[in-house]
Structure formats: structure tokens, C-alpha cells
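See below for the structure under consideration.
Note that the structure is predicted; figures quoted are calculated from it, not measured. The sequence lines fix the lettering, A, B, ..., with proteins before strands; numbering per chain opens at 1.
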2 protein chains.
Amino acid sequence: MTSGRAGANLAAIASALGVSAATVSNALSGKGRVSTELSEKIRVKAEELGYVPSIAGRALRTGRSGVVGLVLPDIANPLFPQIAQAIEKAADAAGYGVLIADSHGNVAKQTQAINRLIERGVEGMVVVPRRGTRIGNVDCPVAVIDSPSTPGNTVSADHWDGGFQIGRHLAELGHRNVVIIGNNPDSNVQNDRIGGIRSGLGSSAQTQTLWIASLEKRNGAGCPLGVAQKVMQGSTAFAAVSDLHALRALTELQRDGINVPEQASVTGFDDLIWAPVVTPALTTVRMDMAKIADLAITALVRSIDAEDRPLSGGVVADISKVAMELIVRRSCGPNNKKQAANTTSTAGELAS
Amino acid sequence: MTSGRAGANLAAIASALGVSAATVSNALSGKGRVSTELSEKIRVKAEELGYVPSIAGRALRTGRSGVVGLVLPDIANPLFPQIAQAIEKAADAAGYGVLIADSHGNVAKQTQAINRLIERGVEGMVVVPRRGTRIGNVDCPVAVIDSPSTPGNTVSADHWDGGFQIGRHLAELGHRNVVIIGNNPDSNVQNDRIGGIRSGLGSSAQTQTLWIASLEKRNGAGCPLGVAQKVMQGSTAFAAVSDLHALRALTELQRDGINVPEQASVTGFDDLIWAPVVTPALTTVRMDMAKIADLAITALVRSIDAEDRPLSGGVVADISKVAMELIVRRSCGPNNKKQAANTTSTAGELAS
DNA sequence: CTGAAAGCGCTTACAG
DNA sequence: CTGAAAGCGCTTACAG
């Protein structure tokens with residue numbers, strides 16, 4: 001906040017023009033208390049001197065930093081880049097800069113990250129909480145992006161509806177025996193998605209849930225999911241709560257000689273970067289990140305403006321859930337008994 | 001930068017204790033000009049009042065914002081999360097906050113992003129430039145992370161060496177006919193990697209390069225790479241310059257009935273999140289992001305300290321390239337003529 | 001060891 | 001329409 005690396009400050013412009021700093025300030029902020037001609041002269045001079053306003057000076061005077069924080073549980077998570085990008089864009093449009101913080105690791109780190117952000121003077125923050133964390137008692141407005149079923153949530157995708165769309169799509173393709181693949185049964189987001197999938201499939205469908213975390217605890221990280229076996233046992237579709245798990249299922253099926261989508265359909269979630277790239281391309285569901293970010297930032301800014309330098313901050317209350325969009329790609333085909341039976345033997349030949 | 005949401009500022013502590021603000025400042029900054037007992041009393045009082053120093057006040061006085069910028073060409077790129085995370089961590093360790101900026105789109109956006117960062121008072125910035133961009137004439141120290149062969153580069157992975165390790169590994173496994181998969185021939189990073197791969201394979205190997213961008217321009221986005229056909233024509237390995245392209249090749253091979261690694265090996269680059277998760281797990285090469293980030297931030301901070309509020313900034317000069325680490329996983333096996341010949345017919349059956 | 005004073009750059013009532 | 005003055009919170013010589 002050295003401001004004038006380029007040298008000029010308000011006073012410099014003022015003295016160069018023989019006017020007061022107050023007038024320069026008024027002219028540049030365009031509040032209209034200065035004559036048009038003088039304003040114009042000041043603007044030109046400012047440009048000429050390469051004037052860059054000092055955020056520090058302004059912040060000190062107004063108590064506003066023009067910066068919000070973004071707390072992410074794990075920046076390396078493949079979904080968060082989308083969030084970060086959307087938040088940055090929305091914040092920028094609202095005139096705010098974005099300071100990032102990674103709550104990587106544990107809840108203590110999250111609290112620490114939040115505190116550091118406060119020390120750095122953020123006016124508010126958007127936080128994507130760690131699993132099972134409640135954000136309480138933060139000294140500034142907070143918008144929480146999590147899951148509609150999480151208390152204190154501000155905005156999020158309608159994960160349940162996303163699941164419902166997937167489930168309905170599979171049902172329409174004729175799938176009646178579906179394996180749902182989740183990672184962690186403690187995740188609100190995952191449970192919302194799974195609930196939606198089940199509901200979308202309808203009561204006539206058989207479902208079972210494969211929890212990767214439990215499986216890996218038993219068999220070691222990176223162990224096979226055993227999806228090919230599920231196909232032998234009659235399952236015709238795999239609905240994963242993330243494109244990452246869908247990818248895992250897809251490649252394991254292929255490696256074991258099962259044709260996707262002829263013998264088994266695979267769906268994911270989130271439209272991650274590889275979804276359109278793999279063969280066959282993944283059917284998935286996408287959240288409208290831009291909209292979520294807009295809502296989060298709008299709510300945050302409203303709260304910041306409403307408070308207008310109070311002594312206590314707080315959590316912005318529940319607002320809305322954003323619809324998800326189904327993206328149908330080739331990994332998902334009709335359940336065709338004859339073909340499935342047909343290819344089982346071929347698969348057998350190849351698998352060994 | 002409202003500082004005292006919690007209320008207390010230096011003056012409040014001072015008057016509560018009947019001392020001067022200067023003394024409080026000295027005590028809290030620990031520069032040792034205050035008696036131990038008084039220091040302790042001040043520290044306790046500060047804690048009690050929930051004192052949070054005003055960055056704005058300090059910044060205005062010292063001319064230092066304690067913030068650096070991070071400019072990324074596309075936050076949604078799967079590799080950048082790792083960069084962002086590492087930079088955030090390194091900056092945090094050095095006492096700096098990180099303001100993010102996305103130069104998404106074009107070069108004009110990049111310039112604009114840089115300017116906005118300057119307006120926000122960053123003391124320096126780390127930039128991962130857009131392809132083919134030179135960063136010049138920025139009003140603060142800049143560390144550039146790109147490729148050793150890019151002029152003005154500050155730190156980066158040794159992409160050539162990473163390629164070399166991949167190439168040598170494939171050569172040791174007996175591969176003599178390798179397809180290199182790149183995206184864009186204009187990328188310094190990709191060219192470095194490809195040069196390394198060729199060199200690692202040695203002069204006895206036949207190589208050809210498949211440029212995805214050109215292919216897609218002819219055949220449309222998401223078109224098949226035709227990798228199975230390459231196998232029929234005698235290629236036994238595919239070395240991609242990114243795990244994303246490796247994944248594309250892998251799934252396409254599997255979909256076309258080619259067994260990986262028995263009939264063809266596949267390697268990637270960057271150890272992206274799915275590399276260990278797919279079946280077979282991808283052999284790849286990883287950059288030491290933590291080290292790269294440390295070097296970038298160290299160089300940046302040194303430059304910031306050296307300048308100590310000059311009128312001109314500039315680019316931190318060339319420094320170093322960081323070794324890459326080969327990660328061998330199952331996607332990569334020995335070239336075994338007999339087995340390859342053996343499975344070709346099976347592949348043929350399935351392919352149609 | 002402690003304090004009084006000045007000043008970083010800005011904005012905002014308030015006077016004129 | 002324009003200006004003089006005060007003050008946001010901090011740190012840093014300088015005196016004592």
C-alpha cells in the first residue's frame with residue numbers, strides 16, 4: 001500500500017495545480033462538488049502523474065479495506081478452483097479484492113485462517129467450511145457455501161435436486177439396479193446427493209451404497225472398488241457423488257473388460273475437467289458456480305453495507321439453493337439386458 | 001481494515017494502562033525498548049481487550065501492505081490449485097497475505113489484473129504468465145513461474161528433466177516406438193517436456209508427436225485421438241505432456257479394447273488428482289510445488305526488501321529450476337512383443 | 001525505560 | 001464551487 005510507487009499522491013496533484021487536496025479528492029471521487037472544468041483538469045493531471053490512490057490511506061480513513069476473504073478447506077480439491085474463480089469474478093465485479101486462505105488440515109487451521117484474514121482487515125468472508133464444522137462467532141459478516149441441509153448455510157447448489165436429476169435419468173434409461181458410490185457418510189453434501197439419486201430412481205429400483213472410505217479402511221487406499229463384480233451380480237449402473245469416483249469406477253470397469261455404457265452406465269457429479277475428455281465422456285451434473293458466487297458475494301456485501309462498522313459481525317442467514325444442470329454424455333446408456341448378458345463372457349475372457 | 005471491530009486500538013490499551021501509545025506499540029512489536037514487566041502487562045491487556053492491530057494504520061505509516069498478489073492464467077486449470085496452495089502457504093510463512101487475480105481470457109485481462117493488484121497495494125506479485133506473454137514494466141517486484149526456457153523466468157520446475165525421466169523410464173522398459181501427446185506447439189512448457197522425453201528415449205527410439213489442438217481443429221473438439229490405431233501400427237507407449245491428455249489416451253485405449261499396460265504403456269505429467277485413482281494408476285512426474293513456491297516467494301521478498309520503497313519495480317531475474325520426481329505406477333509396463341501381438345486380435349474383436 | 005510529536009494519504013463535515 | 005482542518009491507527013526518530 002505504498003500507494004505512490006509511481007510517486008504522485010493527492011497532495012502532489014493538488015500542488016501541481018494550485019488547488020487543495022480536498023478538491024482533488026472530491027474531483028477524483030466524482031461526487032460532483034467540483035466544477036466540470038476543474039474536475040477535468042485534475043483528472044488529466046492525475047493521469048499524467050500516474051496517480052494510484054493509496055488504499056491504505058483510504059482504508060484508514062473510511063474503515064473499509066475493499067477486500068474480502070475466501071476460506072477453502074482444501075485448495076487442491078478439484079472442485080474448488082471453480083469456486084475460487086467464480087468468487088474472484090463476483091467480488092471483482094462488486095469492487096472487492098479476494099484474499100485466499102486454506103484451512104487445509106483441521107478445524108484449528110480453519111479458525112486460524114479466519115483469524116489471519118480478520119487481522120488482514122477483510123470486511124467479510126466467504127467460507128466453504130470443513131466437513132462437520134459450524135462457523136460461529138466471526139468478527140465480520142460471513143457467507144457460508146455448504147449444503148442446504150447444513151445449519152447456517154448461506155448459498156449452495158441444490159445437491160439433492162442434482163441427485164434427483166441423475167436418478168431420474170437413469171430410471172428413464174431403464175436402470176433398476178444401481179450402485180451409488182460415495183466417499184464419506186458424514187458429508188452433508190454427499191448425503192443430499194444420495195438422497196436425491198434414490199428419490200429420482202423411484203421406489204421400484206434397487207440401490208446399494210458403496211462407501212469408498214470404509215472400503216479403503218478395510219482394503220487399503222487405492223484398492224479396487226469391485227465394480228465389475230457388481231455388474232456380474234446384476235447392477236447396470238453406477239451413480240457416483242463425484243466425477244472423481246465416477247472416473248475410478250469407469251476405468252476399473254474398462255480395465256476389467258466391461259463396456260461402458262453397453263454393459264453398465266456410469267454417472268458422476270460436478271462436471272470436473274476430465275468429464276468431457278474421457279472415453280466414454282461422463283454423464284454428470286453441474287452446479288452454476290457463477291450464480292452461487294454472485295449470491296454469496298451479494299449477500300456478503302449487503303451484510304457489510306448494513307452493518308457499516310458495528311462492533312459485532314456474524315453469519316449471514318440462510319438464503320437459497322441454486323439449481324443444478326444435468327449434462328448427458330456417452331457414459332450413460334439404456335439398460336439392455338440382452339447386450340449385457342452377451343458381453344459378460346467377453347469380459348470374462350479379457351479380465352484375466 | 002476497520003481494525004478494531006473488537007474495539008480496542010493502541011490508544012485504548014494505552015489509556016487503560018495509563019501509558020503512552022508509543023510504549024504500547026514498542027511493547028507489542030517486541031523491539032525490546034520496554035521493561036519486561038510493563039511489556040507483559042501490556043500484552044495481557046491487549047489480549048483482554050481483543051486487540052487486533054490495524055493493518056491499514058501500519059501500512060499507511062510503513063508503506064507496507066503485507067500482501068502479495070498471485071496472478072494465474074486460469075484458476076480452473078487443474079494444476080493451478082497446487083500452485084495456489086503452495087504459494088499461499090509459502091507467503092503465509094513469510095508473513096504475507098495473498099490476493100488472487102485471474103487473467104482468464106486474454107493478455108489485456110492479464111494486464112488489467114496486474115494493475116488492479118497494484119491498486120490494492122500489493123508489495124510484489126507472483127505471476128504464472130499466459131502463454132507467450134512477457135511480463136514487463138510492472139510497478140513492483142515480480143516473480144515469474146513459467147519454464148526455464150522462457151525469458152524472464154524466475155523459478156520453475158525443470159520440465160525438460162521431467163520429460164527426460166519419463167523417456168528414460170520408457171526406454172528402460174523396452175519401448176522403442178513412442179507416441180508423444182501434446183496440446184499446443186506454442187507452449188514453452190510443453191516443448192521443454194517433449195524435448196526431454198525424446199532425449200530420455202534415446203536416438204534409437206522412434207517418436208511421433210500428436211498435437212491435440214491441431215487434431216481437434218480438423219476433427220472437432222473431443223474427437224478421438226486414434227491411439228488404438230497407433231498401437232496396431234506398432235507404437236507401444238504413449239507419453240503425454242499432461243495427465244489430462246494421458247487420461248484421455250488411457251480411456252480411449254481401454255474403450256477400444258487395448259489393455260494398459262500389457263499392450264501399451266501410458267505416462268502423464270503433473271500427478272494430478274486422478275493419477276493415482278484411475279485403473280491402472282498413471283505413471284507420471286511431479287513438480288515439487290512447495291519448493292517452487294518457496295523459491296518464488298523468497299526471491300520476491302528479497303526483492304521487496306532490497307528495494308525498500310523505490311520508484312521503480314521490476315522483474316526478479318532468473319534463478320533456478322526445480323527437479324521433478326518420477327512416480328511409477330501401473331499404467332506403465334515392459335514392452336512385451338509377444339503379449340502385444342497376442343492381444344491385438346482380441347482388441348480387434350472388441351473394437352468394432 | 002518511557003513519552004510527546006509528527007506524519008503516512010485519505011475523506012469528510014464544516015466554513016466560506 | 002473551493003479550502004482549511006481534523007482525524008483514522010500506527011511507527012519512528014528524538015528527548016528526557
Side chains of residues 13-23 of chain B: which donor-acceptor pairs under 3.5 Å do they make with residues two or more places apart or in other chains?
| unit_1 | atom_1 | unit_2 | atom_2 | d |
| --- | --- | --- | --- | --- |
| B:S15 | OG | B:A12 | O | 3.3 |
| B:S20 | OG | B:A22 | N | 3.4 |
| B:S20 | OG | B:T23 | N | 3.1 |
| B:S20 | OG | B:T23 | OG1 | 3.0 |

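Looking at A:E119 and A:R116, no side-chain N of the basic residue comes within less than 4.0 Å of a carboxylate O on the acidic one, giving no salt bridge. Salt bridge annotation for B:D146-B:R130: absent, with no cationic side-chain nitrogen under 4.0 angstrom from a carboxylate oxygen.
Atoms CD (A:E119) and P (D:dG9) sit 17 Å apart, rounded to a whole Å. The CG atom of B:L60 sits 5 Å away from the C1' atom of C:dG9 (whole-angstrom rounding). Residue A:I55 contributes atom CD1, which lies 19 Å from atom P of C:dC8 at whole-angstrom precision. What separates CD1 of A:I13 from C1' of C:dC10 is a distance of 12 Å, to the nearest Å. Between B:N9 atom CG and D:dT11 atom P there is a gap of 12 Å when expressed in whole angstrom units. Taking atom CG of A:N26 as the reference point, atom C1' of C:dT11 lies 8 Å away to the nearest angstrom. Put simply, CD on A:E40 is 16 Å from P on D:dC1, counting in whole angstrom units. Between A:L28 atom CG and C:dG9 atom C1' the separation is 13 Å, expressed in whole Å.
Applying the 4.0 Å criterion to OP1 and OP2 of D:dC10, one finds that B:S25 has every side-chain N and O outside that range. Using a 4.0 Å cut-off, no side-chain N or O of A:T23 falls inside it from OP1 or OP2 of D:dC1. Within the 4.0 Å cut-off from OP1 or OP2 of D:dT2, not a single side-chain nitrogen or oxygen of A:S20 is found. Taking 4.0 angstrom as the limit, B:R58 places a side-chain polar atom (N or O) nearer than this to OP1 or OP2 of D:dT11. The shortest distance between the side-chain N/O atoms of B:T62 and the OP1/OP2 oxygens of D:dT11 is not below 4.0 Å.
When each of A:L117, A:V68, A:L70 is paired with A:L99, the side chain to side chain contact (heavy atoms under 4.5 Å, CB included) condition holds for A:L117 and for no other. Looking at A:V142, A:V144, A:L300 one by one, the single match for side chain to side chain contact (heavy atoms under 4.5 Å, CB included) with A:M125 turns out to be A:V142.
Listed candidates were D:dT2, D:dC10, C:dC1. Nearest to the side chain of B:L10 is D:dC10. Distances from the side chain of A:A22 to the nucleotides C:dC10, C:dC8, D:dA5 place D:dA5 closest. The side chain of B:R61 approaches C:dG7 more closely than any other nucleotide in the set C:dG7, D:dG3, C:dG9. Between D:dC10, D:dC1, C:dC10, one nucleotide has an atom nearer to the side chain of B:Y51 than all others, and that is D:dC10. Taking every side-chain heavy atom of B:S54 into account, D:dG9 is the closest of D:dG9, D:dT2, D:dC8.
The backbone N or O of B:V67 sits nowhere less than 3.5 Å from a side-chain atom of A:R120 that would complete a donor-acceptor pair. Checked by atom type and distance alone, the side chain of B:T62 pairs as donor or acceptor with a backbone atom of B:R58 at under 3.5 Å.
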Which string of ( ) [ ] | and . matches DNA chain C, if you list each base 5' to 3' and count Watson-Crick or G-U pairs only when both distances are under 3.5 Å? |||.||||||||.|||

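Residues B:Y96 and B:E88 are not in side-chain contact: their nearest non-hydrogen atoms beyond the backbone lie 4.5 Å or more apart.
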